[in-house]
Amino acid sequence: MAKPFYRLQRFLRQMQLFFLFLGVAYIMAGSVLLLQRAGMVVYHRGIGAGAAVLPAPSLPAPPRALGGSLVTRATMVRARPPRSSPDDRDGPQWLLTRNQEIRQLRRRWFHSLMSEQDGSRVERVTAQRKIRHKGTYIGCFQDDAKDRTLKGTVSYDFRKMSTSLCQDTCSESGYQFAGLEYGSECYCGNRIIGPRMREDECNLDCKGEKGSICGGVARLSIYKVDELLPGQRRYRNVRYRGCFRKPENMTAAALVHVLQPNLTSQSCIEVCMDKEFPLAILRRPDCFCGYATPHFTLHKPRGEEHCALANTSSPARSASQHFYQVYQTPVQDSRCIERTFLLEKSHSLVALSSFPGAGNTWVRHLIELATGYYTGSYYFDGTLYNRGFKGEKDYWKSGRTICVKTHESGKRDIEMYDSAILLIRNPYRSLMAEFNRKCAGHLGFASDQHWKSKEWPEFVGSYASWWASHVLDWLRYGRQVLVVHYEELQEDLVPRLRAIAQFLNASVSEERLLCAESNKDGHFKRSGAHRPTLDPFTPEMRLLIDGYITAVDQALKESNQTGLPREYLPR
């Protein structure tokens with residue numbers, strides 16, 4: 001009996017040592033991994049200006065040398081890039097990029113990204129300062145994604161949202177109430193529909209104002225914003241849509257009718273905003289509020305003289321009584337604001353590919369509005385995620401997003417996708433947009449000093465060839481490609497957006513497409529009002545870019561695609 005007991009005791013001692021050894025090995029392995037990770041971070045942060053830097057795996061690929069087919073096309077145009085030194089050889093260099101230039105470009109890309117991330121850290125710290133509360137706190141209310149408690153404008157900021165920021169957003173759009181949810185979502189409205197809940201159910205801190213409550217899970221912290229008298233309200237994005245003929249079924253488009261003897265456009269807009277409608281439709285003394293519908297699309301405006309007669313006491317007024325003036329109010333069309341991830345994972349990977357600065361973010365916004373599904377990204381852009389693009393954090397191959405943003409090109413990168421939407425924009429505007437982003441972020445503008453610096457001609461010399469190579473690579477290696485021109489999408493949005501939805505196999509209603517058109521600007525679009533005081537493109541730059549335009553136009557036609565819009569072509 002003693003012998004088996006002794007054997008058991010020895011076995012248990014051996015197992016004890018074995019498990020001790022495994023535990024030590026596990027701890028050591030974890031420590032090594034942490035040290036390696038920390039070393040990589042320190043290494044990246046400490047890279048000097050003269051060191052060669054490899055691009056981070058999640059960054060878009062910089063320009064690279066292209067195949068001979070494009071060089072052959074390019075040499076037919078005989079345009080030369082600007083010379084960087086007296087030693088440059090004569091002759092068309094076109095789409096060939098030297099290794100030294102590629103390394104410099106990658107280095108600039110990496111440091112640009114790191115500076116943006118460092119700026120985000122600084123902003124995150126400053127956002128935690130206490131901000132004076134505005135308005136009057138009303139209480140905690142239930143919110144239902146299918147039937148919102150506040151049905152006006154919606155905005156997101158996953159990094160800087162605060163009670164004051166939300167109230168300012170709603171006040172500037174003319175709303176009476178501001179509601180905060182999930183610590184980062186801001187809802188505006190003029191009526192509170194949901195039931196009141198216990199105060200402790202609103203328990204999430206504001207992302208940009210620690211210590212202040214910004215709602216909870218499906219719970220809104222609602223404030224009444226500072227009172228503004230009628231006529232004193234400040235409006236954002238009130239837009240005159242034009243003069244239109246009254247639709248046959250007016251009740252479908254106009255859900256509210258108000259008679260005002262002294263009706264003005266301002267008073268009609270205020271009525272429709274109070275009742276939370278995106279359209280104000282008026283012909284004195286009638287004011288209608290409603291939505292764009294398939295029978296009232298606002299795509300065929302009439303001459304202004306019809307509406308001018310309809311709003312006078314002229315004897316000819318009766319002939320124009322069926323014409324109305326239409327204004328777009330700041331109220332967001334709520335028929336298409338809800339978005340979600342795909343209910344079933346897709347086995348087909350669709351790229352939304354473009355050159356940087358070609359409007360990829362804007363088209364993602366439109367696709368999400370039209371289809372109701374989030375778009376993904378090959379990269380992770382924290383700024384975009386913070387402003388509501390929730391698919392930005394999702395793994396790009398997850399199959400949960402309807403398409404995936406990418407700026408990559410080249411055979412290997414392209415063949416990872418089953419199909420692609422290829423977005424093309426005028427290279428002059430694309431180059432300026434991307435330079436603005438690099439100098440001043442997604443919504444800012446480069447200063448005149450930036451345009452006059454030596455960085456701008458270097459940027460054009462490197463990136464102009466990338467604009468051409470990106471299009472040509474996708475035409476050559478893409479399995480199924482839908483070409484979309486940015487300018488044509490701007491000009492004729494609904495038909496182009498319908499074609500994109502069909503390409504994505506997404507079923508969309510006409511009402512949802514019209515809603516997307518109504519909300520097309522979104523909250524993440526650079527204002528077009530700012531322009532540099534000088535023409536940033538020199539004759540040498542124009543000669544270079546025009547040559548690329550000609551080569552890409554020819555390649556599109558050879559691929560049985562429509563050529564570039566006329567405004568691209570050399571003039």
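All values reported here derive from a predicted model rather than from experimental measurement.
In this structure, a donor-acceptor pair under 3.5 Å is absent between the side chains of Ser469 and Asp473. With hydrogens and angles left out, the side-chain atoms of Thr562 and His485 include no donor and acceptor closer than 3.5 Å. Using modelled atom types and a 3.5 Å distance limit, the side chains of Ser447 and His450 yield a donor-acceptor pair.
With sequence neighbours excluded, no residue forms a salt bridge (charged side-chain N to carboxylate O under 4.0 Å, His left out) with Arg412. Under the salt bridge (charged side-chain N to carboxylate O under 4.0 Å, His left out) criterion, Asp492 pairs with no residue, sequence neighbours left out.
Note: Tyr327 and Tyr240 have tilted aromatic rings, judged against thresholds of 30 and 60 degrees for the angle between ring planes. The aromatic rings of Tyr568 and Trp467 are tilted relative to each other, their planes meeting at an angle between 30° and 60°.
Between Asp535 and Arg542 there is a salt bridge, since at least one side-chain N of the basic residue sits less than 4.0 Å from a carboxylate O of the acidic one. Electrostatic pairing of Glu181 and Arg148 counts as a salt bridge here, judged by a charged N lying under 4.0 Å from a carboxylate O. Between Glu567 and Arg429 a salt bridge is recorded (basic side-chain N to carboxylate O distance below 4.0 Å).
Between Arg512 and Gly372, the shortest heavy-atom contact is NH2-CA, 3.1 Å. Looking at every heavy atom in both residues, Ser354 comes nearest to Asn360 through OG-ND2, 3.0 Å.
A cation-pi contact, defined as under 6.0 Å to the ring centre and within 45° of the axis, is absent between Arg339 and Tyr374.
Ring centers of Phe341 and Tyr373: at least 6.0 Å apart, outside the cut-off. Here the two rings, on Trp451 and Phe435, have centers that are under 6.0 Å apart.
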Let me check something: any side-chain donor-acceptor pairs from residues 494-504 under 3.5 Å, sequence neighbours excluded? List them with distances.
{"unit_1": "Arg498", "atom_1": "NE", "unit_2": "Glu510", "atom_2": "OE2", "d": "3.1"}
{"unit_1": "Arg498", "atom_1": "NH2", "unit_2": "Glu510", "atom_2": "OE1", "d": "3.0"}
{"unit_1": "Arg498", "atom_1": "NH2", "unit_2": "Glu510", "atom_2": "OE2", "d": "3.2"}

